[in-house]
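Structure first, then comments.
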Amino acid sequence: MRVDTATRQARPGHDAHGFLRHLFEMALAMMAGMMVSAAIFLSAVGMTAAEAMREHAVLFVVLQAFGMTVAMVTWMRHRRHTWRSSSEMAAAMVIPAVPLICLRLLDVISGPICGVYCFTTIVAMVVLMLYRRGDYGVVASASRPSRLVGRAEELASFAPSEGTTARSVTKRQSPHAAPAIRRTPRPQARRSAAAVAGLRRGANDRGPRR
């Protein structure tokens, strides 16, 4: 079985593993960004989380979006994802906040909007990853070929293909090589020829019998 065939057969499970791993990493980065930005904001205003989300609903969501975006883009770049993928993930964190902030500023809705914002960002992230499943199906080095697979393919390129025999190799040789190979005596044949030649010389030296 060739390396590329084995790679294609092993790819579905590997893609699912890479997708779930990236989703888990993004969820952790999102939580870390939310916690850090919330801790900084709460320590600055001297309020509890419930009070800050109620009294400063818009500012709280803006800081949450900033913290999550920075954390997630930083981790994606650490995992060697492209700038396109990183910017799309950042957009998935920022765009859901825009309509909520507009509705809150226009007094169309009231109260905290952080909970709705966090839910919409998770949905946007999953939808983006499903849409770009070709980019997120492999673990960050998902973005680059595996060194082991590349090495295996390199070694396989030097190996003879299936059905290759010594006869087919001989046929591919130049037409002048075959006669030379046929005329080349084997070591055992050489020794036998030398022994026969020695017996003949000995008989000639003794001369004819009387």
**Report entry** Closest approach of Met129 to Leu23 (non-hydrogen atoms, all atoms of both residues)
**Finding:** CE-N, 3.7 Å
Query raised in the report: Looking only at heavy atoms, which two atoms of Ala124 and Ala92 are closest? And how far apart?
Result: CB-O, 3.7 Å
Report task. Would you name the heavy atoms of Pro96 and Thr120 that are closest together and state the gap between them? Result -> CB-OG1, 3.4 Å
Query raised in the report: In Å, rounded to the nearest 0.5 Å, how long is the span from CE of Met72 to NE2 of His81?
Result: 10.5 Å
Query raised in the report: Any side-chain heavy-atom pair from Phe41 and His56 closer than 4.5 angstrom?
Result: yes
Query raised in the report: Given side chains that start at C-beta, do those of Tyr136 and Met26 come closer than 4.5 Å, heavy atoms only?
Result: no
Query raised in the report: So, do Leu100 and Val61 sit near enough that their side-chain heavy atoms are less than 4.5 Å apart?
Result: no
**Report entry** Distance in Å, Thr48 OG1 paired with Glu55 CD, rounded so as to fall on 0.5 Å steps
**Finding:** 9.5 Å
Query raised in the report: Is it the case that one hydrophobic cluster holds both Val116 and Met53, taking links as side-chain heavy atoms less than 4.5 Å apart, direct or via other members?
Result: no
Query raised in the report: At their closest point, which heavy atom of Ala97 faces which heavy atom of Tyr117, and how far apart are they?
Result: CB-CE1, 3.4 Å
**Report entry** Nearest heavy-atom neighbours spanning Arg77 and Thr82
**Finding:** NH1-C, 3.6 Å
**Report entry** Joint cluster assignment, Val62 & Met47, ILVMFWY side-chain distance < 4.5 Å
**Finding:** no
Query - Backbone of Val108 reached by a side-chain donor or acceptor of Arg104 within 3.5 Å - result: no
Requested in this report: Report yes if some heavy atom in the side chain of Val73 is under 4.5 Å from a heavy atom in the side chain of Met89; otherwise report no.
Outcome: no
Query - Close side-chain approach of Leu42 to Glu51, heavy-atom, < 4.5 Å - result: no
Query raised in the report: Cluster question for you: counting only ILVMFWY and a side-chain heavy-atom cut-off of under 4.5 Å, with indirect links fine, are Met31 and Val36 together?
Result: no
Query raised in the report: From Ser85 OG over to Met76 CE, what is the distance, rounded to the nearest 0.5 angstrom?
Result: 5.0 Å
Query raised in the report: Linking I/L/V/M/F/W/Y whenever any side-chain heavy atoms sit under 4.5 Å apart, do Met68 and Ile122 land together?
Result: yes
**Report entry** Any Arg79 side-chain heavy atom under 4.5 Å of Arg21 side chain
**Finding:** yes
Query raised in the report: When rounded to the nearest 0.5 angstrom, what is the spacing between OG1 in Thr121 and CE in Met34?
Result: 7.0 Å
Query raised in the report: Taking all non-hydrogen atoms of both residues, which atom of Arg133 and which atom of Leu130 are closest, and how far apart?
Result: NH1-O, 2.9 Å
Query raised in the report: Is Leu59 linked to Ile101 within one hydrophobic cluster, defined over Ile, Leu, Val, Met, Phe, Trp and Tyr using a side-chain heavy-atom separation of less than 4.5 Å?
Result: no
Requested in this report: Give, for atom CD of Glu25 and atom CG of Leu20, the distance between the pair rounded to the nearest 0.5 Å.
Outcome: 11.5 Å
Requested in this report: For the residue pair Arg84 and Arg132, establish whether any side-chain heavy-atom pair is separated by less than 4.5 Å.
Outcome: yes
Query raised in the report: When rounded to the nearest 0.5 angstrom, what distance separates CD1 in Ile40 from CE in Met35?
Result: 12.0 Å
